[in-house]
Protein chains: 2
Amino acid sequence: MVISMNYSKQREIIFDTLQENVVHPTAEYLYTKIKEKDPKISLATLYRNLNQLAENGIIKKIDGLENSSHFDHNTHEHYHFICKKCKRVFDIDADVAPELIRKTEELTDFVIENHDIVFSGICKDCRQTGSN
Amino acid sequence: MVISMNYSKQREIIFDTLQENVVHPTAEYLYTKIKEKDPKISLATLYRNLNQLAENGIIKKIDGLENSSHFDHNTHEHYHFICKKCKRVFDIDADVAPELIRKTEELTDFVIENHDIVFSGICKDCRQTGSN
DNA sequence: TATTAAAATGAGAATTATTATCAATTATGG
DNA sequence: CCATAATTGATAATAATTCTCATTTTAATA
């Protein structure tokens, strides 16, 4: 359900800060960045807004990566790769599995509304830096 | 890394109980079941063993479903569907995306070691029971 | 079989991530 | 400007999971 939202300075900062981060930050990381702009902002405000923005489809919440949720300014259909070594999260184009939903619905009796793919392994940088 | 394991009665009970559950239980749910067999077992022992078994590939840990981890006795390659209404977790055959790894590695510079797909939507039962 | 080192346990404290509470502040539409 | 709903900050509360540590159990071997 879409939630009506009034303007707030804090939400604007939160959204902007997420845009600036190509990585897929956790709430914790975002909090450190956001406090540089608004030192008085509350952690509760951050969580409240991230959830709200995600529920309205303005940002994306990524679960299944380590312990905590990550947030993504990119709402286009795409998947994620997490490097086991450096823990960075990378985007993977959705066209790696074009027929996925159709095939899955065909094979099951489910109505699929969402899906997420999380790959993990070693990224190029870490592979080259050796010592694995 | 594979961890050396000595036998323990508790681990046996934990493993057996997971086998008996076709669903994909959380630690919390397993704990209630396991206490029926060994009322003195500690929650820490349960978590310790679930993690150990998962690290050794004997069971599978599923993240990205709601707040807590689920555990799966089925270690064959397969995916999961969670019903948004009844919250049950279902298995999806891996053949919905046969070329996924190869294509993804081809498109990226990553070495992919693992991947998970989580679908969500409405299951057959809930769709028929209406009222969505 | 007695010895011993490594592994495992139970109980509960501690930690981490996140949500809830609530009084005070701010935004919005008339 | 006023009324109402939305939002905030501070902090308490919760939920899931991990850590600590003294005690017990396992497994290998002398």
Side-chain angles (χ1 to χ4, degrees), chain A residues 1-18 23-56 58-72 82 87 89, chain B residues 1-18 23-56 58-72 82 87 89:
Chain A
M1 87 283 333
V2 174
I3 290 154
S4 88
M5 288 200 282
N6 281 351
Y7 171 84
S8 92
K9 185 70 188 163
Q10 287 88 337
R11 180 150 49 227
E12 184 172 45
I13 293 173
I14 290 166
F15 180 72
D16 289 349
T17 308
L18 187 57
V23 298
H24 303 66
T26 59
E28 202 55 36
Y29 177 82
L30 272 176
Y31 193 50
T32 67
K33 289 292 162 191
I34 285 165
K35 269 194 299 193
E36 293 170 10
K37 299 178 187 171
D38 177 357
K40 300 290 299 171
I41 200 165
S42 162
L43 186 56
T45 299
L46 174 58
Y47 273 105
R48 240 185 271 124
N49 278 291
L50 288 173
N51 286 331
Q52 241 169 132
L53 291 166
E55 275 165 35
N56 286 302
I58 298 164
I59 68 173
K60 220 173 161 234
K61 190 173 182 173
I62 320 168
D63 292 307
L65 309 176
E66 325 209 76
N67 319 299
S68 38
S69 294
H70 292 235
F71 296 88
D72 194 342
I82 180 166
K87 309 296 182 193
V89 177
Chain B
M1 87 286 329
V2 173
I3 291 156
S4 87
M5 287 200 281
N6 282 349
Y7 171 84
S8 93
K9 185 68 189 165
Q10 288 89 338
R11 179 149 51 226
E12 185 173 45
I13 292 174
I14 289 166
F15 181 71
D16 289 349
T17 308
L18 186 57
V23 297
H24 303 67
T26 59
E28 202 54 36
Y29 177 82
L30 272 176
Y31 193 50
T32 66
K33 289 292 162 191
I34 284 165
K35 269 195 299 193
E36 293 169 8
K37 299 178 189 172
D38 178 357
K40 300 289 299 173
I41 200 165
S42 162
L43 186 57
T45 300
L46 174 58
Y47 274 105
R48 242 185 270 123
N49 278 291
L50 288 172
N51 285 331
Q52 243 170 131
L53 292 166
E55 275 165 35
N56 285 300
I58 297 165
I59 67 173
K60 219 172 162 236
K61 190 172 182 174
I62 320 167
D63 292 308
L65 309 176
E66 326 210 75
N67 319 299
S68 38
S69 293
H70 291 235
F71 297 88
D72 195 341
I82 180 167
K87 308 296 182 193
V89 178

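Lettering of chains follows the sequences in order, A, B, ..., and the numbering in each one begins at 1.
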Closest heavy-atom contact between [X] and [Y]?
X     : Y     : result
A:Y31 : A:I41 : OH-O, 3.1 Å
A:L30 : A:T17 : CD2-CG2, 3.9 Å
B:L18 : B:P25 : CD1-CG, 3.8 Å
B:I62 : B:H24 : CD1-CD2, 3.7 Å

Does OP1 or OP2 of [N] have a side-chain N or O of [X] closer than 4.0 Å?
X     : N      : result
B:Q52 : C:dA7  : no
A:T45 : D:dG9  : yes
B:N67 : C:dT18 : no
A:T26 : C:dA17 : no
B:K40 : C:dA11 : yes
A:Y47 : C:dT18 : yes
B:N49 : C:dT9  : yes

Subject >> DNA chain C contacts among residues 28-39 of chain A, heavy-atom distance under 4.0 Å >> reply: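 Those residues whose heavy atoms fall under 4.0 Å from DNA chain C, taken from residues 28-39 of chain A, amount to none.
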Subject >> Spacing of A:L43 atom CG relative to C:dT18 atom P, expressed in whole Å >> reply: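 These atoms are roughly 9 Å apart.
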**OP:** Rounded to the nearest angstrom, tell me the gap between atom CZ in B:F71 and atom P in D:dA16.
**Re:**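 The distance from CZ of B:F71 to P of D:dA16 comes to 12 Å, rounded to the nearest Å.
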Can you name the side chain to side chain contact (heavy atoms under 4.5 Å, CB included) partners of [X], sequence neighbours left out?
X     : answer
B:T26 : B:E28, B:Y29, B:S68, B:H70
A:Y47 : A:A27, A:L43
B:R11 : B:M5, B:S8, B:N49, B:Q52, B:L53

Subject >> Out of C:dA8, D:dA10, D:dT7, whichever nucleotide has its closest atom nearest the side chain of B:R11 >> reply: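 Shortest atom-to-atom distance from the side chain points to C:dA8.
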**OP:** Identify which nucleotide among D:dT18, D:dT8, C:dA17 has an atom closest to any side-chain atom of A:Q10, counting heavy atoms from C-beta outward.
**Re:**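 When the side chain of A:Q10 is considered, D:dT8 is the closest of D:dT18, D:dT8, C:dA17.
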**OP:** Would you indicate what A:I41 reaches in the nucleic acid, counting non-hydrogen atoms under 4.0 angstrom: base, sugar-phosphate, or nothing?
**Re:**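 A:I41: backbone/sugar contact only, no base atoms under 4.0 Å.
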**OP:** Under the side-chain contact (heavy atoms from CB on, under 4.5 Å) rule, what do B:I59 and B:K61 come out as? Steps first, then yes or no, please.
**Re:** CA-CA 7 Å; B:I59 67 173; B:K61 190 172 182 174; over 6 Å; no
Subject >> Where protein sits on nucleotides 20-30 of chain C, one letter per nucleotide: B base, S sugar-phosphate only, - none, heavy atoms under 4.0 Å >> reply: B------SS--
Original post:
Through what angle, rounded to 10 degrees, does the axis of the helix from C:dT1-D:dA30 to C:dG30-D:dC1 turn between its ends, using five pairs per end?
Top reply: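 The value is 30°.
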